[in-house]
Amino acid sequence: MKIGYPCLNTRLGCSSARTFRLRSYSPQRLVRTVDQNLDCLERILRFNADHGLLFFRLTSDLVPFASHPVAENFDWAAHFAGRLGELGRFIRDHGLRLSMHPDQFILLNSPDPKVLRNSVAELRYHARLLDLLGLPEEAKIQIHVGGVYRDKTLSLFRFADRCLDLEEPLRRRLVIENDERSYGLKDCLMIHLVTGLPVVLDVLHHHLLNEGESLREALAVASATWSPDDGPPIVDYSRQRPGGRRGRHADSLEEAEFRAFLHDSQPYDFDLMLEIKDKERSALHALEIAAGDARLATPPGVRRPEPETPVPT
DNA sequence: TCTGGTCAAGGTGGT
DNA sequence: ACCACCTTGACCAGA
């Protein structure tokens, strides 16, 4: 089990998701912004490696407007290939796993051809980034099924069809996450049957939308959709903000709840993404709480203390 | 320097 | 038909 957090680190005083307004676009502005984003990303990755946080979600804003027509004459991939390659080496050397989660505008099942085109372009940007980092297939891009468009079954199978139309290298990185309103775990499993795509279990979403499966049952079926090349299954963990609106994420990790989760999720192993507002703080707290859990991954070169090891004299 | 309205992109659900 | 919400940070114009 690797533990991680999404996109932002709150204590380094930098952001790897800096952007700018479309009307401020220029190739120079793009290069300057991405340089800053990469500098910050490097700091975040070093922080993570130093602290045993081996899982991290890369922001979609790393290269602003990468899939937008405004930037189509600028070859961002070629421009940043060298730097991304270096970062990728660091990631691999330190046993880090990365994932991405494009936002709500990515809708593979939209009936609108333009929305589909934009979505595919944006997914290609995500895959390109992970490719330039030289990361294996286990570096995943997780998306939701999308809209219902007044006919859920039709829309679900349209999603599956569109997945099968994607080029192989992109499709191999895609994973489907259950949402809290329209497409639950069962629906994602159906898509898995048709497309082979693995399923990310989001624990909070599953809590809000389910068909009575317990956490353990849900983990069992979601885990079974992952093959060895996909890497360990990914699970998203968050909690409802107490007293907050339905689905709203909490500000911090709650120890007793998280201990209960670790207990209830036995014996399944997976990499855990903590979607909690205070980011690395909760991730570090989770690491402490999980210390001693036999599933916890250790960085390469760091050996778990052996019980009863005789001390050389 | 600070702040609040706004930002490439969509869909849902309440009024 | 319209608007707030999703989830959220960061930009940037204007004070």
Side-chain angles (χ1 to χ4, degrees), chain A residues 5-26 28-30 32-37 39-41 44 57-74 76 100-126 141-152 154-156 158-159 162 177-184 187 202-205 207-209 236-241 244-252 273-282:
Chain A
Y5 61 100
C7 306
L8 266 43
N9 182 301
T10 67
R11 63 181 72 181
L12 293 177
C14 70
S15 168
S16 61
R18 297 194 64 170
T19 180
F20 48 84
R21 296 290 182 257
L22 179 56
R23 66 174 178 277
S24 314
Y25 176 86
S26 70
Q28 295 75 23
R29 180 74 187 265
L30 181 67
R32 195 177 54 191
T33 303
V34 176
D35 280 339
Q36 290 172 330
N37 286 345
D39 288 344
C40 186
L41 177 62
I44 294 174
R57 182 183 296 165
L58 188 56
T59 175
S60 297
D61 285 334
L62 195 75
V63 185
F65 302 105
S67 74
H68 191 281
V70 77
E72 67 188 358
N73 292 319
F74 178 72
W76 63 268
M100 300 187 78
H101 193 342
D103 61 5
Q104 74 236 53
F105 307 105
I106 282 48
L107 295 155
L108 279 183
N109 71 351
S110 172
D112 182 341
K114 196 168 142 230
V115 172
L116 174 64
R117 259 202 315 279
N118 292 345
S119 297
V120 172
E122 181 72 355
L123 287 177
R124 286 184 177 143
Y125 150 65
H126 283 73
I141 302 168
Q142 72 186 67
I143 56 176
H144 294 289
V145 182
V148 169
Y149 310 106
R150 297 202 290 267
D151 186 337
K152 184 169 154 179
L154 190 65
S155 299
L156 188 148
R158 190 165 57 239
F159 178 92
R162 301 259 169 92
E177 178 192 345
N178 59 309
D179 67 62
E180 80 279 29
R181 199 165 44 202
S182 308
Y183 297 97
D187 302 312
D202 182 303
V203 171
L204 176 57
H205 292 166
H207 180 69
L208 295 167
L209 176 67
D236 284 358
Y237 178 91
S238 56
R239 50 189 285 262
Q240 172 81 42
R241 174 188 294 211
R245 255 188 298 279
R246 173 194 151 91
R248 179 105 192 225
H249 288 181
D251 291 336
S252 62
M273 182 56 64
L274 295 171
E275 295 184 321
I276 313 259
K277 241 177 100 65
D278 65 5
K279 307 289 177 183
E280 84 287 346
R281 186 185 155 84
S282 280

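What you see below is based on every heavy atom in this structure, not just the backbone, and it leaves out hydrogens, waters and symmetry mates. Order of the sequence lines fixes the chain letters, A, B, ..., with proteins taken first and strands second; residue numbering starts at 1 for each chain.
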Legend entry - Whether A/Phe105 stacks on the six-membered ring of B/dA9 base, 5.5 Å and 30° limits: yes
Inset, instruction - Consider only side-chain N and O atoms of A/Ser282 and A/Asp278, and report whether a donor and an acceptor are under 3.5 Å apart. - result: yes
Inset, instruction - Please work out if A/Ser110 contacts a base, only the sugar-phosphate, or nothing of the nucleic acid, heavy-atom cut-off 4.0 Å. - result: sugar-phosphate
Legend entry - Closest-nucleotide ordering on DNA chain C, the 5'-leading residue of A/Ser24 and A/Leu8: A/Leu8
Inset, instruction - Find the distance A/Tyr25:OH to B/dA8:P and express it as a whole number of Å. - result: 14 Å
Inset, instruction - Check every strand shown and say whether A/Arg18 touches a base, only sugar-phosphate, or nothing at a heavy-atom separation below 4.0 Å. - result: sugar-phosphate
Inset, instruction - Answer yes or no: side-chain N or O of A/Arg21 and base N or O of C/dC12 forming a donor-acceptor pair under 3.5 Å. - result: no
Inset, instruction - Could you check whether A/Val148 gets within reach of a base, just the sugar-phosphate, or nothing at all, counting any heavy atom under 4.0 Å? - result: sugar-phosphate
Legend entry - Spacing of the C1' atoms in C/dC6 and B/dT3 (rounded, Å): 24 Å
Inset, instruction - Find out whether A/Val203 and A/His207 are in side-chain contact, i.e. whether some heavy atom of one side chain is under 4.5 Å from a heavy atom of the other. - result: no
Legend entry - Nearest atoms (heavy-atom pairs only) where A/Ser16 meets A/Cys7: OG-O, 3.6 Å
Inset, instruction - Give one of base, sugar-phosphate or nothing for A/Glu275, where a contact means two heavy atoms less than 4.0 Å apart. - result: nothing
Inset, instruction - Both distances under 3.5 Å, Watson-Crick or G-U wobble: report the partner of C/dT8, or none. - result: none
Inset, instruction - Just call it for A/Ser182: base, sugar-phosphate, or nothing, with non-hydrogen atoms closer than 4.0 Å on any strand. - result: nothing
Inset, instruction - Scan A/Arg117 against the nucleic acid and name what it touches under 4.0 Å (heavy atoms): base, sugar-phosphate only, or nothing. - result: nothing
Legend entry - Among A/Glu275, A/Arg57, A/Glu177, the one residue meeting side-chain hydrogen bond (donor to acceptor under 3.5 Å, both in side chains) with A/His101: A/Glu177
